[in-house]
Structures are given as structure tokens and as C-alpha cells.
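What follows is a short report on a single structure.
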Amino acid sequence: MSNDLDTELDTDETAIDPQETETINLITAVNRTLHQEMDRDESIRLLGYDIGPLGGVYRGTEGLLAEFGDKRVIDTPLSENGIIGTAVGMAMRGERPVPEIQFMGFFYPAFGQFMYAVVKMYKRTGGALELPMTIRIPYGGGVKALEYHQESTETYFIHTPGVRVICASTPAQTKGLLAASIRTVDPVIFLEPKKIYRGVDEPVPTAAYTLPLNKARIVQTGSDVTVLTWGAMVQQAQAAATDVDADVEIVDLRSLSPLDIETILDSVSKTGRCVVFHEARRTLGLGAELSALINEYALDRLKAPIKRATGYDVHFPGHDIEDDYLPDDDRVRYAIEAVMSYEF
Amino acid sequence: MSNDLDTELDTDETAIDPQETETINLITAVNRTLHQEMDRDESIRLLGYDIGPLGGVYRGTEGLLAEFGDKRVIDTPLSENGIIGTAVGMAMRGERPVPEIQFMGFFYPAFGQFMYAVVKMYKRTGGALELPMTIRIPYGGGVKALEYHQESTETYFIHTPGVRVICASTPAQTKGLLAASIRTVDPVIFLEPKKIYRGVDEPVPTAAYTLPLNKARIVQTGSDVTVLTWGAMVQQAQAAATDVDADVEIVDLRSLSPLDIETILDSVSKTGRCVVFHEARRTLGLGAELSALINEYALDRLKAPIKRATGYDVHFPGHDIEDDYLPDDDRVRYAIEAVMSYEF
Amino acid sequence: MAHEMWTEERPPEDFYRILDPNGELQTDPPELDEEELLKLYRTFIATRILEEKMLNMQRSGEVSLVARTLGEEATPLGCAAALQPDDWIFYTYRQTPALLYWKLPMVEVIASATGREPETIAEQVDTEDTPVNFSPDYTPIGTNVVNGVGAAMTDAFNDRDTVTMVFTGDGSTSQGAFHDGMNFAGVFDVPAVIVCQNNQWAISEPAHRQTGSETFAQKADAYGLPSARVDGNDVFAVYETARTAVERARSGNGATFIECVTYRMGAHNTSDNPNRYRDDSEQRAYWEDRDPVDRYETYLRDQGILEDDTEAELRDGINDQVDDAVERVRSISTSEPERMFDTILHGESWRERHQRAELHRELNDMNPFVDFTGEGFDE
Amino acid sequence: MAHEMWTEERPPEDFYRILDPNGELQTDPPELDEEELLKLYRTFIATRILEEKMLNMQRSGEVSLVARTLGEEATPLGCAAALQPDDWIFYTYRQTPALLYWKLPMVEVIASATGREPETIAEQVDTEDTPVNFSPDYTPIGTNVVNGVGAAMTDAFNDRDTVTMVFTGDGSTSQGAFHDGMNFAGVFDVPAVIVCQNNQWAISEPAHRQTGSETFAQKADAYGLPSARVDGNDVFAVYETARTAVERARSGNGATFIECVTYRMGAHNTSDNPNRYRDDSEQRAYWEDRDPVDRYETYLRDQGILEDDTEAELRDGINDQVDDAVERVRSISTSEPERMFDTILHGESWRERHQRAELHRELNDMNPFVDFTGEGFDE
Ligand SMILES: Cc1ncc(C[n+]2csc(CCOP(=O)(O)OP(=O)(O)O)c2C)c(N)n1
Ligand SMILES: Cc1ncc(C[n+]2csc(CCOP(=O)(O)OP(=O)(O)O)c2C)c(N)n1
Ligand SMILES: [Mg+2]
Ligand SMILES: [Mg+2]
């Protein structure tokens with residue numbers, strides 16, 4: 001068992017020294033992190049299709065082939081199950097593969113390897129074999145792409161024991177969380193909100209650092225209502241917060257599995273109201289679990305029902321109406337207003 | 001579009017004439033139903049491995065090969081994705097395939113076809129192509145079998161739009177629900193609680209009949225607390241109900257997707273207390289959605305938090321401790337007692 | 001920063017060929033009358049004009065994504081032409097000539113590239129029944145192979161003489177679904193023809209990164225299926241091979257796998273930039289010399305079947321047809337947002353009804369979250 | 001009610017064979033010294049005795065499920081014997097001889113059939129390092145093929161001369177995962193040997209229902225891998241073929257696929273009853289004549305390597321070893337229920353801590369649902 005696990009899980013965020021920073025977007029943060037981590041640790045290999053000469057359809061792996069060669073940046077045949085399954089084999093031999101799934105909607109053919117190997121190897125061996133691997137997956141809508149290019153089906157991962165599910169919401173978060181994911185001994189699904197790959201820049205420390213994999217982040221504190229969210233929705237929640245007549249606390253979950261339930265309960269116990277805000281379909285989207293947990297452990301603190309500002313229970317729709325599907329600052333604002341308006 | 005859809009969805013249960021019955025178990029009810037339906041409709045074909053000469057590892061298809069021949073009872077190569085994918089092709093050509101997945105834990109390699117074809121074809125064609133197919137899946141634990149032979153991962157199906165998820169809890173329910181599933185125009189995942197395949201017999205009408213696919217069943221009415229459950233847990237809930245100091249209402253959901261939310265809300269609004277009881281892991285098990293729905297639409301009726309008497313968030317454990325994992329009448333009784341004891 | 005490019009390998013050219021790159025016959029041409037020969041030509045040209053138009057529409061934002069057939073047209077065309085009415089085609093996104101040959105209205109082809117909600121297209125475009133049946137198009141690769149084989153299984157079981165043709169790419173052969181489809185095809189002796197349109201690229205991955213096998217054709221061995229390997233830029237060779245395979249299927253002798261060797265002249269689709277991963281200065285010239293349309297046109301002219309004025313007339317006709325189709329597409333309104341709830345399941349559930357109402361309210365500036373009782377909204 | 005049975009087809013026997021069913025050499029035997037020859041024999045016998053014992057334990061309820069190797073022993077044995085220390089084996093549930101050959105303690109073999117929680121076994125049985133490394137066993141078929149090939153990729157990338165051997169069944173070749181593993185093996189030239197232990201049955205499905213190909217060996221063509229097809233009941237032929245493949249792999253020339261033709265003499269496992277689907281009166285006699293142990297024993301006796309007293313001694317030794325192992329297994333306690341929460345993720349989450357406490361309370365007759373604040377229980 002890795003000794004520094006707890007360090008990676010529990011990084012002290014305030015200790016990160018932002019002396020030197022560069023202002024970059026989220027996909028560049030992914031690229032920088034992969035670069036730094038691969039430099040640091042020779043056992044890291046990237047696998048996926050279109051990650052080599054092309055540098056990834058979103059350019060996340062740009063330049064890495066030239067830097068590290070084709071034994072560490074491995075363009076594979078077009079099989080997601082093959083990618084995940086061979087990555088497992090590598091991790092079984094002590095390496096740290098970082099496979100990429102091009103779009104979340106193409107993960108499904110790999111579901112066999114995911115269920116049979118990724119999440120079960122550690123248990124199956126009674127702890128003898130650890131499986132450190134980080135599966136990078138761009139996810140989410142808002143990019144007017146073809147079917148299965150806009151999915152937000154993290155529920156399939158979250159319901160499954162044996163894997164961490166991490167999602168970053170800003171460039172700086174991405175760098176620290178991706179590095180921590182790669183360094184931890186558990187398999188990690190690392191979700192990248194591709195809608196904000198570009199367009200939102202922020203200063204990011206140039207040195208390597210990790211952020212905790214087990215702690216939600218309070219984006220802003222507030223006393224009236226808690227918004228639980230993650231990924232691309234975080235900034236929409238921030239936008240909505242400026243626009244409502246309520247003091248909004250925003251929690252960026254960061255770890256979707258396991259959840260930082262303490263932070264969640266603390267926040268809702270304080271505010272007494274909660275809105276969950278996510279892109280995924282509503283039925284059994286993570287909002288369901290959050291709502292159920294709060295109900296179980298903080299019912300008497302609730303001043304209003306928990307509302308879920310989410311996608312609808314439909315297939316991701318055509319381009320012409322995808323904006324009507326996607327939850328946005330308006331939708332979360334409505335939800336905040338609704339819970340604020342409620343009286344027992 | 002099928003005209004008799006609504007009939008299948010909405011069967012009037014009281015109209016079923018139980019003049020002639022036979023006392024059979026659940027797996028025999030499956031067998032009888034397949035037999036009768038195949039007799040009725042030539043476009044029904046069964047696909048799966050070990051369903052022909054062997055008659056299914058649980059004997060669900062026993063005798064059907066001899067009766068209907070190998071063009072209607074099709075032993076396939078050992079590929080779940082191939083089974084589901086070819087069944088889709090058949091349904092696209094106007095047939096009504098009834099593929100069997102031997103154990104729920106072996107569905108995972110078929111997740112590609114499930115997500116890409118089964119649940120999306122109707123939508124993808126803008127309604128031009130219906131996809132009537134019923135995927136039979138034995139599920140659940142309590143049989144001391146190998147890994148992946150005891151799974152209860154219905155969440156993966158329920159979170160996915162475009163498919164009905166039906167689960168039967170008794171032999172008579174099985175017959176009516178399976179017939180209705182086969183007759184409806186939507187794709188259906190038909191879950192069979194294999195733990196009670198044998199051992200629990202009841203009188204079942206010998207004539208064919210259907211039960212509604214869109215209505216939960218009130219197993220017993222009560223005024224203090226609602227237990228929401230399905231499958232093999234129903235009878236455990238009944239056992240627990242006799243053993244607690246509370247008037248328990250038991251709702252057998254039958255349709256896990258879409259949910260009969262009206263019946264659920266009515267019951268909990270009446271009792272003011274609710275326990276969800278299922279075998280699946282807790283995090284994002286269906287209990288989460290049920291709890292969230294009640295919170296959203298009946299919070300002010302709640303006299304206590306909703307508790308989830310479920311499996312734990314672990315891999316299904318070894319034989320020696322599986323009984324400690326599985327929710328049973330004790331666990332649901334504790335949950336009932338807990339919500340009864342609660343005071344705001 | 002150094003930039004790596006793929007080295008391309010040319011596949012062996014010891015394949016079946018009738019019409020060589022210069023438009024000269026190497027052996028007897030298929031028995032096709034003049035009308036049929038011109039129909040093939042017309043489909044070639046129609047494909048180029050239509051796809052060119054769609055490319056322009058993509059640039060101007062009218063359609064969202066276009067994957068062209070450029071340089072590969074002979075493969076889907078020759079294969080599709082070997083079918084008969086009532087047969088089936090399970091295609092991907094790179095078989096425009098097959099669609100046009102069997103009269104799928106251009107308006108549908110264009111409309112589906114707009115990314116509109118499918119019902120909108122279905123409702124606003126009068127979809128005519130095509131002589132040959134088409135599966136819907138689907139994005140996830142490999143999926144159609146299994147579905148097509150399943151469809152063909154029903155023909156086998158029902159003793160129908162319908163043939164199902166399935167198209168797949170070189171890259172797609174790596175998917176488990178390809179394996180499943182091929183394997184079931186072999187076990188159940190289905191009346192299907194499975195075509196690998198080997199354009200040597202899968203987005204940025206060259207064919208030699210997909211498989212260690214020298215040819216794609218030999219993949220059929222694994223399933224006990226006969227196979228053929230043809231010059232995919234020679235519409236005659238493709239047609240002849242497909243015709244034999246179709247006959248074999250129709251007469252109950254099972255499925256055939258055909259590798260058609262061609263080359264993707266352009267980008268994977270309009271969101272791709274091949275200059276990042278392939279240096280095709282050399283390859284391009286090589287494959288331009290082997291262009292499927294050029295050689296066919298040369299042949300037709302040599303035979304006196306095609307003359308300048310026939311060509312001009314034909315092009316005019318197609319241009320008009322394309323313009324009409326574009327007009328029709330432009331007249332399709334965007335979807336009603338509530339469409340997203342349609343054709344998911346039959347019958348209306350509580351959940352669907354409630355979420356429809358939520359969306360309706362949101363679109364009408366009413367708060368969609370104020371139902372606290374489950375009784376819905378009274379506006 | 002009429003009952004349908006499968007008709008069995010005998011696979012072609014034009015495979016590689018050294019030792020014929022009568023124990024006579026058809027060609028030169030492999031270069032193995034007497035010690036090694038006796039080690040093979042010993043492993044054969046140990047497998048039969050151990051599996052027989054486990055069958056009894058299953059009947060008496062001590063172990064929960066047993067899948068035997070009966071009649072197929074030469075395949076895993078000959079293959080495994082071709083490896084060197086530090087190599088890897090990715091196996092299924094039907095390679096007992098490979099485990100025993102490389103000294104996996106019998107107590108582990110038996111213990112894993114008890115269905116105990118894995119940590120319990122890991123903790124209570126001193127697992128020694130075996131000379132050859134074993135993957136864990138896993139139930140879902142096909143999975144190990146991809147994992148094994150991935151493992152071999154690391155050897156290729158690191159220029160190590162380790163060889164990975166992967167076992168798969170005839171039925172398992174139908175899985176997409178098999179396709180993936182084979183395909184990656186071909187593309188990345190991995191140092192692996194993939195063995196198809198074709199025992200002609202997959203539970204109730206005969207091999208001719210798995211694939212339309214005449215042999216399994218030819219499946220390698222699809223991936224550009226060399227293949228061999230051998231008499232899987234001839235330990236010499238299996239060994240020789242595997243040895244060549246292992247050398248090929250070790251010297252950096254890539255993977256080989258080997259089909260070993262054998263026959264499943266018994267049930268799929270202890271929960272199966274083959275009389276329901278195969279009428280093996282005729283087949284059984286045929287394959288009994290080809291038994292791998294009989295022919296090998298005949299050979300050893302003919303060579304004067306094995307005598308009655310050596311055999312008796314060896315059997316006694318094995319019996320003792322098995323008895324010891326059984327005793328050790330009997331001494332393993334059942335698992336602490338809380339074990340189910342172990343080795344899922346590192347570090348303890350709120351959820352895990354809370355659910356552990358719930359279980360603890362339930363086991364101690366305390367209500368596990370009375371935490372209404374999330375602060376846990378104070379007993
Ligand atoms: C399951 C799945 N994985 C990945 C993709 C993304 N993708 C779309 S097309 C394509 C390449 C396909 O290559 P090929 O089969 O050769 O067809 P071509 O585009 O060359 O016609 C990829 C990887 C997809 N659509 N589906
Ligand atoms: C993915 C998956 N599907 C189904 C099963 C159930 N199953 C267990 S063994 C088996 C047959 C395997 O046959 P084969 O590969 O020939 O191996 P054999 O048992 O003959 O050694 C099946 C279907 C499984 N374990 N995994
Ligand atoms: Mg291609
Ligand atoms: Mg077998």
C-alpha cells in the first residue's frame with residue numbers, strides 16, 4: 001500500500017505556492033499536467049486513439065508524442081474495451097497507465113473491462129494487486145456535436161464501487177486534481193468538462209502540485225441556500241448566484257465518488273436549503289443520491305425541498321434544441337428561487 | 001404505432017379471470033409465459049447461450065427448443081453484445097426477439113449495443129422504427145454463486161432513457177408482466193429475481209394474461225409507513241411487516257423505469273414515513289431516486305427521514321459473508337423501526 | 001516543439017481489378033447496359049456535387065458536420081448497385097453514393113447533417129420509401145455490423161431471399177461489435193454482405209495501427225467466411241465482387257466479407273485537420289492518379305457512352321436537384337424543444353409529463369420548480 | 001416432451017502430434033530429462049487427485065463450485081511447462097495443472113473454490129511467491145486475454161524478455177474481449193502466447209455453435225498472428241509448440257496463437273449436468289481412448305522411466321500433500337463480515353465508515369438506521 005496515499009488524498013491546498021503562474025485554459029492545464037507527471041514518473045503511459053500525431057481531438061496530448069516517444073504515448077486500435085483492458089494489464093504490472101476515452105459516450109463498449117477488471121482487481125486479489133490508472137474522459141454537452149458526443153453519464157461510474165470519480169471545474173483545479181489522480185493508487189475516472197476546455201483562463205501555478213481527492217471545495221460561502229455542483233456548472237452557478245435575492249453557498253464536489261458527505265451535510269445543515277445542479281439526466285443522476293443523503297441525515301434542518309436543476313430524462317437532443325436541454329444559470333436560478341420561496 | 005399499447009400498459013388487473021390456475025414457481029411461470037407467447041406470435045424468437053438443449057441454466061426455456069425448433073429458440077455464440085445486437089437487428093425487421101442474458105453480471109459486455117442500439121433506435125429514427133424486444137435477465141444474490149452471478153445493478157438501466165425496466169415479485173406477477181413486456185412496443189429489461197425462482201409457489205391462471213407495465217402494486221395497505229420495494233424483497237418486506245409495531249404499507253414497484261410516481265407519492269403522503277428496500281448498492285441505487293422524488297414533492301408530509309435498507313457500497317462479497325451483505329427482513333424491520341421512532 | 005507524423009504504408013495492390021487507373025479494361029467488364037452505366041456515372045457526380053455543396057453549407061454554418069466520401073465513391077456505389085429492391089443497407093456516414101443510388105432524397109441526406117432532432121426531419125420531410133431499405137445512420141462505429149447481421153438472421157430463419165449489406169470502415173474492424181457481427185454471420189450462414197471500406201485512415205490512425213494483419217480481407221478467415229479483396233476505386237471490380245457475394249447470399253450460401261481498398265482523400269470530417277498527422281503530398285498524387293471517377297469517366301468517354309453535352313446536361317440536372325434539396329432543407333424549421341421528450345417510450349409517464357411541463361414553463365419564463373406537491377402546475 | 005440434444009462434430013485431427021493415443025512416438029520427443037518428464041507426470045496425477053478431492057468436498061458442501069480439467073490436462077500442463085521463471089500466466093478456471101506445475105500451493109487452489117472473501121484467503125494462507133507469476137483468477141470470460149496482452153505490452157515497451165501466457169476457452173473466443181486482446185497483440189508485437197484450450201464445449205454449447213471457422217487456430221489470421229494447432233491431449237506436442245512460441249515471444253518476434261484440441265470429459269462444473277444436452281456415449285469412448293494421462297503414462301512405462309513403485313510412492317506423496325492442503329483449508333475461518341468493505345478503495349470515506357458502522361450494529365442487534373444527523377452512532 002502506498003505510503004503517500006493520504007498525502008494525495010488530503011493535500012493541504014493552502015500550501016500550494018502560486019509564486020509562478022501562467023494563465024491557461026482547462027485543456028492546456030490537462031496537457032501541462034500530463035507533461036509534468038510523465039517527466040516525473042516513467043511508469044506513466046498514455047493510451048488512446050488519436051492521441052499521438054494528432055495530439056487528441058481536443059489537443060490534450062499535443063506535443064507529448066514528440067517529447068516522450070511512441071512507447072509512452074500509444075496510439076491504439078479503435079477499441080475502447082481494448083484500451084481499458086490493456087491499460088489494466090499495464091497497471092497489473094506496476095505501471096501507471098492514463099488511457100483516454102475520446103468522448104464519454106464511447107466508453108460503453110469498454111463497460112466489460114470497466115466492471116470486470118478496473119473496479120474489481122484490487123478486491124479480487126484480496127488487496128495484493130493495486131490498480132493505479134487514470135481514465136481521462138471529456139464529458140458533457142454544449143458543443144453541438146453528434147450523438148454520443150455530449151453525454152454526462154457519470155452515474156454509471158458513481159454507482160460502481162472500486163473507482164474514484166473526479167471532476168475538475170477550472171484550469172487550476174484540473175492541474176492539481178489530475179496530478180493527484182495519476183499519483184493515487186486507486187483507479188480514477190477523471191472527468192473533463194469539455195465545454196469549458198477553452199474560453200475560461202485562469203492563473204495556474206507552473207510548478208507541479210496536487211489537490212485533495214477527497215474534499216469538496218467551497219467556491220463561495222453563503223447562508224441561505226447551498227448549490228451542490230461540479231464541472232462546467234460551477235461557473236454557471238456563480239453567475240446565477242449574483243443574480244438572485246439570496247446568499248448562495250456553492251460547493252464544487254470535485255470527488256463525485258466517494259462523496260465528501262461531511263462538507264455537504266455541514267453546508268446544508270447551515271443553510272437549510274439545497275439545490276443540486278448537474279448536466280446529467282435527473283433520474284438517478286447524482287442529484288438523487290445527494291438529495292437522499294441530506295434527507296437521511298439532515299431532514300430536520302431542511303427549510304424547503306431539495307430541487308434538482310438538471311438535464312431531463314431524455315436522450316441528448318439535436319443541436320437545434322440542445323440549449324433547451326442543458327441546465328444553465330437560468331435553470332439553477334429558478335431552482336434557487338423556488339427553494340427560497342418555499343414555506344412549510 | 002401499436003394500437004393496443006395502452007391496453008398492455010394499463011391492463012385492468014381485476015379483470016383477470018383466475019378460473020383455472022396451476023400452482024407453480026417463478027421460473028415455471030417464465031417458462032409457461034414464453035411458451036404461450038411464442039404460440040400466439042410467430043415473430044417471437046428467443047436468443048441466448050445455453051437456452052436450447054440445456055433449457056437455460058435455470059431451466060427457464062426448458063422444452064421450448066423441442067416445441068418451436070432452432071429457428072425460434074436460438075443458441076448463440078458466447079457473446080452478450082452479439083446477442084443483444086442481433087436481437088436489435090431482428091426487432092428492426094419487425095420481429096419480437098426475447099434475448100436472455102444468463103446473469104445480470106454478464107450484461108456488461110453488451111453495454112455498447114444497449115446504449116447505442118436498444119435504447120436509441122426509436123429516437124434515432126424519429127419514431128419511424130419501433131424496437132419491441134424483451135431482454136430477460138436473472139438478477140440478485142442469495143444463491144452463493146461466483147462473482148458477477150449475484151449482481152443487482154438495475155441502476156445502469158434505470159438511469160438510461162428509452163427502455164422500460166420491469167421486475168416481477170411472484171409467479172403470477174411474472175406471468176402477466178412478462179407477457180405484457182413481450183407485447184409492448186418498447187424495449188424492456190425484464191428482471192427475474194432468481195433467488196425466488198423456486199421455493200415460492202402460488203396459483204397462477206393457466207390462460208394468458210397481461211399485467212400493467214405502468215402501475216405499482218399495493219401489496220398491503222397500511223397507515224404508518226410505506227415500504228417501497230420490488231422483486232425478491234417483497235416477500236421479505238411482508239415478513240418484516242408482521243413483526244413490527246407499525247401498520248406497514250408495502251408497494252411493489254413492478255416498473256422500475258418509468259416509475260409510477262403517483263402511487264408512490266400517494267402512499268407516502270398518506271403514511272408520512274418511507275423506507276426503501278432493495279438489494280442494490282445504496283449509492284445511486286433506485287432508493288436514491290425514490291427518496292429524492294418524495295423530498296421534492298411531499299416533503300411537508302414527511303414525519304421522518306426516508307431510510308434506505310439496501311446493500312452496501314461494496315462488491316458483492318464472498319459466500320461466507322454474503323448473508324451479511326444482503327438486505328433481509330431484519331434490515332428492513334430496523335429501518336421501519338427507525339423511521340417510526342423518529343421525532344422532529 | 002517537434003511534431004510527429006505517421007508514415008503511411010501502401011497496402012498491397014494484388015487485388016481484383018477490372019478497370020485500371022487509366023480507365024482501361026484489364027478483363028471483361030460487368031454486364032451493365034448503357035443506362036445502368038450512366039446511372040453509376042450520375043451517382044458519382046451527384047455525390048461530388050452534393051458533398052461539395054454540403055461542405056459549403058458547413059462552412060457557412062448551415063449544416064454542422066460533414067464527412068465526405070471523396071475518392072472512395074466507387075466502393076459504396078459499386079456495392080450498392082449490386083443489390084436488388086427490397087434488400088437492406090446498414091451504413092455508416094461515408095456511403096453517400098449508396099444512398100443516392102437507391103434514391104434516398106437529397107433533402108434527407110442534407111437534413112440529417114444539420115443535427116436537427118430526428119422527429120423534426122421525419123415530420124417535415126416527406127420520407128419516401130426507397131427501393132432498397134436503409135437502416136438509420138448511427139454514429140457509434142461497429143454497432144451497425146451486429147444489427148445488420150441480426151436483420152439478416154431473420155431473413156435466413158424466414159427463408160426470405162432478401163440480402164443485407166453492411167458497411168464498415170477499416171478502423172471499425174477493431175471494435176468488439178465487428179467481431180460479434182462477423183462471428184454471428186458465420187455461425188448462422190446469414191444472407192449478408194459485409195463490406196470493409198478500407199480508406200486506410202480512422203480519423204488520425206493509419207490502417208497499419210488498427211491491425212497486425214496484412215489485409216482486412218483475411219479477417220474473414222476467423223469466422224469461416226469467404227472474402228474478397230478488390231480495388232475499391234474501380235467501380236467495376238467492386239460491383240462484380242459485390243454481385244457475386246450478393247448472389248451467394250441470396251441463394252442461401254451465406255455471408256461474404258469484402259475489403260475494398262481505397263483512400264480517404266480529405267479530412268475525416270469537417271472538424272478534422274489531417275495536416276496535423278499525415279504528410280500526404282506524396283500519397284495524394286498517388287491516389288489522385290487512381291481516382292475512381294476519373295478512370296470511370298475516361299472509360300465511358302472511350303466507349304462513347306459519355307459526351308461533353310451529356311455530361312453538362314447531367315451536371316445541370318444534378319445542380320438543380322441539389323439546389324432544390326437545399327431549399328427544402330432551408331425551409332425546415334428548427335425543432336420544438338418539447339420534441340426531445342418524443343419517441344423515447346410509448347405512453348406518457350408521470351416523469352415525462354412533469355418534465356415536459358417544467359420545460360414548457362422555463363421556455364415561458366415561469367419557474368419550473370414550484371411544484372412542491374407533485375400535482376403539477378396550474379400555470 | 002421431446003428433448004433435443006446437440007449432435008457433436010469431431011474436429012479435424014490433422015494437427016501436430018508427437019505422442020499418439022497409444023503412447024507411441026510419431027516423431028522425436030522434446031528434449032526433456034527424466035526429472036522433467038516425471039515432473040510432468042507428477043503434475044498430471046496431482047491434478048487428478050486434487051480435483052477428485054475437491055469434487056468430493058463440493059459434494060459434501062465444503063467447497064462451493066468445482067470446474068475440472070479432466071481429460072484436458074495436457075494442454076495447460078504442456079503450455080505452462082514451456083515457460084521460465086518470472087514469466088506470467090493469465091488463466092481461467094480450467095488450468096489446474098498449470099497452477100500446480102508452477103507450485104501454486106494447493107491450499108490456495110482449494111481455498112479459492114470455497115468462495116471465501118478474497119482477503120480472508122490472502123490473510124490466512126501464506127501465499128508464497130511462485131516462480132512464474134499468476135494473474136488472479138477471474139470469472140468473466142475473455143477479460144484475461146486483454147489484460148494479459150496489456151501486461152505483455154509493458155514487457156515489449158520496456159524491452160524485457162518476460163513472456164506472458166494467456167489461456168482462453170473455445171467459447172470465450174466469441175467475446176469482444178478476445179478480439180481486442182488478439183488485435184492489440186498483433187499490432188504491438190507483444191511477447192505473449194495465447195492458448196485456446198478447445199475442449200469443444202462452452203457449458204452446453206458445442207464449438208461448432210461458437211464459430212463458422214473450421215479451426216480456432218485460423219482465427220489468428222485476422223490479427224496477423226502466427227498460429228499452431230495441436231493435439232491438446234498430447235503433452236509433448238503441446239509442450240513443443242508452446243516452447244517454440246515462447247521462444248519466439250522471448251526473442252522479440254511477437255505473439256503466437258495456439259489451438260489445443262481436447263475434450264471436456266466431464267460437466268462444465270459441478271452445477272452442470274451434461275446429460276441434458278449431449279449424448280456422449282459414443283464421444284466418451286472415443287476421447288477416453290485419447291486420454292492425455294494414459295498415453296503419457298504408457299510412454300513413460302515403455303521408456304522405463306515410470307515403474308509401479310515410483311507411481312505408488314508419488315501418489316502417496318500427492319495424497320499427503322492434498323490432505324495437508326485440505327486440513328489447512330479447513331482451518332481457515334470464515335471472513336469477518338466487515339471484510340466486504342476492505343480493499344475497495346484506499347483511505348476511508350464517510351460512506352465507508354458509516355456503512356461499516358451500520359453493519360457492525362446490525363451484527364450486534366443494534367438498529368443501524370438511527371443516525372439522523374450524520375454524526376454516526378455512539379453505540
Ligand atoms: C464506439 C465509437 N468509438 C469512437 C468513435 C469516434 N469515431 C468516429 S469515426 C471514427 C473513425 C472510424 O474509422 P473507420 O472505421 O476507418 O471509418 P472512416 O471514418 O475511415 O470511414 C472514430 C474513432 C465512434 N464514433 N464510435
Ligand atoms: C462475460 C461472461 N459471459 C458468460 C459467462 C458464463 N460462463 C462461464 S464459463 C462459460 C463457458 C466458457 O466456455 P469456454 O470458453 O469454452 O471455456 P470452458 O469452460 O470450456 O473451459 C460461460 C458461458 C461468463 N463467465 N462471463
Ligand atoms: Mg477508415
Ligand atoms: Mg470450452
Side-chain angles (χ1 to χ4, degrees), chain A residues 80-81 105-116 119-120 123-124 147-148 151 153 155-156 158-162 257-259 274 276 280-300 302 304-308 312-317 342-344, chain B residues 80-81 105-116 119-120 122-124 147-148 151 153 155-156 158-162 257-259 274 276 280-300 302 304-308 312-315 317 342-344:
Chain A
E80 295 78 11
N81 200 50
F106 298 141
F107 190 83
Y108 311 136
F111 216 67
Q113 282 294 323
F114 174 68
M115 295 297 289
Y116 298 148
V119 305
K120 192 75 195 294
K123 180 60 157 189
R124 179 184 285 131
E147 58 169 1
Y148 299 103
E151 308 262 304
T153 49
T155 281
Y156 303 136
I158 300 170
H159 183 57
T160 311
S257 180
L259 289 165
C274 179
V276 191
R281 297 160 188 138
R282 187 176 303 161
T283 295
L284 284 179
L286 182 52
E289 180 64 27
L290 294 166
S291 179
L293 282 167
I294 294 163
N295 185 302
E296 268 161 329
Y297 301 113
L299 181 66
D300 62 353
L302 281 187
I306 298 157
K307 286 288 176 183
R308 292 180 285 171
Y312 300 107
D313 287 308
V314 300
H315 297 291
F316 199 96
Y342 184 83
E343 277 169 39
F344 265 102
Chain B
E80 294 78 10
N81 201 49
F106 298 141
F107 190 82
Y108 311 137
F111 215 67
Q113 283 294 323
F114 173 68
M115 294 297 289
Y116 298 148
V119 305
K120 191 76 195 291
Y122 181 42
K123 180 59 158 189
R124 179 184 286 130
E147 57 167 5
Y148 299 103
E151 308 261 305
T153 49
T155 280
Y156 302 137
I158 299 170
H159 183 58
T160 312
S257 181
L259 289 165
C274 179
V276 191
R281 297 162 189 138
R282 187 177 302 160
T283 295
L284 285 178
L286 182 52
E289 180 64 27
L290 293 166
S291 179
L293 282 167
I294 293 163
N295 185 301
E296 268 160 331
Y297 302 114
L299 182 66
D300 63 352
L302 280 186
I306 298 158
K307 287 288 175 182
R308 293 180 284 171
Y312 301 107
D313 287 308
V314 299
H315 298 292
Y342 184 83
E343 275 170 40
F344 265 103

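What you see is a predicted model, and the numbers here were worked out from it, not measured in a lab. In the text below, chain A, chain B and the rest are named by the order of the sequence lines, each starting its count at 1.
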Residue part contacting chain A, namely of B/A304, when any heavy atom lies under 4.5 Å: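 For B/A304, the contact with chain A is made by the backbone alone.
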Side chains of [X] and [Y] in contact at under 4.5 Å (non-hydrogen atoms):
X      : Y      : answer
A/L293 : B/R308 : yes
B/I294 : A/N295 : no
A/V119 : B/H315 : yes
A/P109 : B/Y116 : yes

task = With a 4.5 angstrom heavy-atom cut-off, could you sort out which part of A/Y297 is near chain B: side chain, backbone, both or neither?
result =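 Contact with chain B: side chain only.
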So which part of A/D300 gets closer than 4.5 Å to some heavy atom of chain B, the side chain, the backbone, both or neither?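 Looking at A/D300, backbone and side chain both touch chain B.
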Closest contact, heavy atoms only, [X] versus [Y]:
X      : Y      : answer
A/L299 : B/F344 : CD2-CZ, 3.6 Å
A/E296 : B/K307 : O-NZ, 3.5 Å
B/L284 : A/G285 : CD2-O, 3.3 Å

Find the one option among [options] whose heavy-atom pairs under 4.5 Å with chain A are most numerous.
options                        : answer
B/P258, B/S257, B/A292, B/G287 : B/A292
B/Y108, B/F107, B/F106         : B/Y108
B/H159, B/E147, B/R281         : B/H159
B/Q113, B/K123, B/E80, B/R124  : B/R124
B/N81, B/L259, B/T160          : B/T160

Kindly say whether B/M115 contributes a backbone atom to a donor-acceptor pair with the side chain of A/Y148 at under 3.5 angstrom?
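Present.
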* **Heavy-atom donor-acceptor pair, A/E289 side chain to B/A288 backbone, under 3.5 Å** =>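 Such a contact is absent between A/E289 side chain and B/A288 backbone.
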What residue, out of A/V276, A/V314, A/D313, has the most heavy-atom pairs lying under 4.5 Å from chain B?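 So the answer, after comparing A/V276, A/V314, A/D313, is A/V314.
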Handout entry: Check: A/Y156 ring centroid to B/F111 ring centroid under 6.0 Å
Key =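 Yes; B/F111 has its ring centre under 6.0 Å from that of A/Y156.
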